[in-house]
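Quick note on labels: first sequence line is chain A, next is B, and so on, each numbered from 1.
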Number of protein chains: 2
Amino acid sequence: MRLPLKTEYACQVLAQLASRHDAGGVRQVEELAAAERLSPNYLVQILTTLRQAGIVISRRGKNGGYLLARPPGEITLAEIAVAMEGGSLIESSPGNGGESAGRVHDAWVRANEALMRSCAEIPLTELVPPPAEGEGVDWVI
Amino acid sequence: MRLPLKTEYACQVLAQLASRHDAGGVRQVEELAAAERLSPNYLVQILTTLRQAGIVISRRGKNGGYLLARPPGEITLAEIAVAMEGGSLIESSPGNGGESAGRVHDAWVRANEALMRSCAEIPLTELVPPPAEGEGVDWVI
DNA sequence: TTTAAAGTTGCGTCGTTTACTAATGTATTG
DNA sequence: CAATACATTAGTAAACGACGCAACTTTAAA
């Protein structure tokens, strides 16, 4: 099954926000879209979803833009995926009435839970490139 | 992201084959389709894919049908999913040229690998109900 | 206070994918 | 050879994804 581009774009734009999170300033849609080679119009929809999920904060009006709602270390792939898609990452059908439908569904629910645990251990900090030399911190994951 | 029905159906029909694997006989498409409430014509396509992946064996002609190629304990969710979908369970885009595209892709590749390991620990035996007492045929319509 | 920059929202649409149906082909048995 | 059951391919309708666009609202700055 294909990971929706929407979710992948969300990860990219959040990585972009995380990379300059120390600076504290807001980033505008046009700038973010250019850096990640995305359509600005589409990116707006993604950022709106992320804002409703409490992952980013937006400021309107002139000099507005977006910034992370929390430090990058506290935002994980699991949270991003849940924000962009429904409650579960892998969504299996409740059942079609077949003899084994229930047990098959249960098995995939467990697989989904395992995946969620794995994704909860990948924070945004792993998506941002190591800082250029001379600038700020020099720790490595 | 939604688990394709095709994959879920594959799990169901394999669970059905596993439930009577001890008997040793082949099962016909019509019977399997009735037990799992699936379209026979569609089920054939799924079984063909499973045969090409070496998970089931088919016999043609009169008294033909399907049976598992190996014991149910040796067939896992991971193998079934790989057979029905491409090589990877979670398929993320190679990248659109954005600054963070590569790292985001890598992260999802790792998430996929973790998922594959989890699914490799769920064998077919977990998809079949515990044998009913009396050991009789329970064909119900 | 005006103005223009920037986010917010909703609708529309086009192309792809999915989940099937159906028709025809092929192998096996008696 | 004829009956039976799997195999293959083509076709299709509905759903979904990935956008584009336009009108609206908010707010900093001139």
Check whether any side-chain nitrogen or oxygen of Arg2(B) sits under 4.0 Å from OP1 or OP2 of dA19(C), and answer yes or no. yes
To the nearest Å, how far apart are Ile46(B) CD1 and dC6(D) P? 15 Å
Using a 4.0 Å heavy-atom cut-off across all strands, classify Asn41(B) as base, sugar-phosphate, or nothing. base
Reading DNA chain C from 5' onward, which residue's closest nucleotide shows up sooner: Val44(A) or Ser39(B)? Val44(A)
Please state how far atom CG in Asn96(B) lies from atom C1' in dC19(D), giving the value in whole angstrom units. 14 Å
Kindly indicate whether the side chain of Arg60(B) and the base of dT26(C) share any N or O donor-acceptor pair separated by less than 3.5 Å? yes
Does Tyr42(B) place a side-chain N or O at less than 4.0 Å from the phosphate oxygens OP1/OP2 of dT8(D)? no
Using a cut-off of strictly less than 4.0 Å, decide whether Arg59(A) has a side-chain nitrogen or oxygen near OP1 or OP2 of dT25(D). no
Both Pro4(A) and Gln28(B) contact DNA chain D. Which one's nearest nucleotide lies toward the 5' end? Gln28(B)
For the atom pair CD1 (Ile46(A)) and CZ (Arg51(A)), what is the distance rounded to the nearest 0.5 Å? 14.0 Å
Which whole-number value in Å describes the distance from Asn63(A) CG to dG7(C) P? 10 Å
Expressed as a whole number of angstroms, how long is the span from Arg37(A):CZ to dC19(D):P? 15 Å
Identify whether any heavy atom of Gln45(B) sits under 4.0 Å from a base atom; if not, whether one sits that close to sugar-phosphate; answer base, sugar-phosphate or nothing. base
Output yes when Arg70(A) and Glu79(A) qualify as a salt bridge under the 4.0 Å nitrogen-oxygen rule, no when they do not. yes
So, Lys6(A) and Glu85(A), do they make that salt bridge, N to O below 4.0 Å? no
Could you state the atom-to-atom distance from CG of Leu38(A) to P of dC19(D) in whole Å? 8 Å
With a 4.0 Å cut-off, would you call Glu99(B) and Arg37(A) a salt bridge? no
The side chain of Gln52(A) lies closest to which of these nucleotides: dT8(D), dT9(C), dA27(C)? dT9(C)
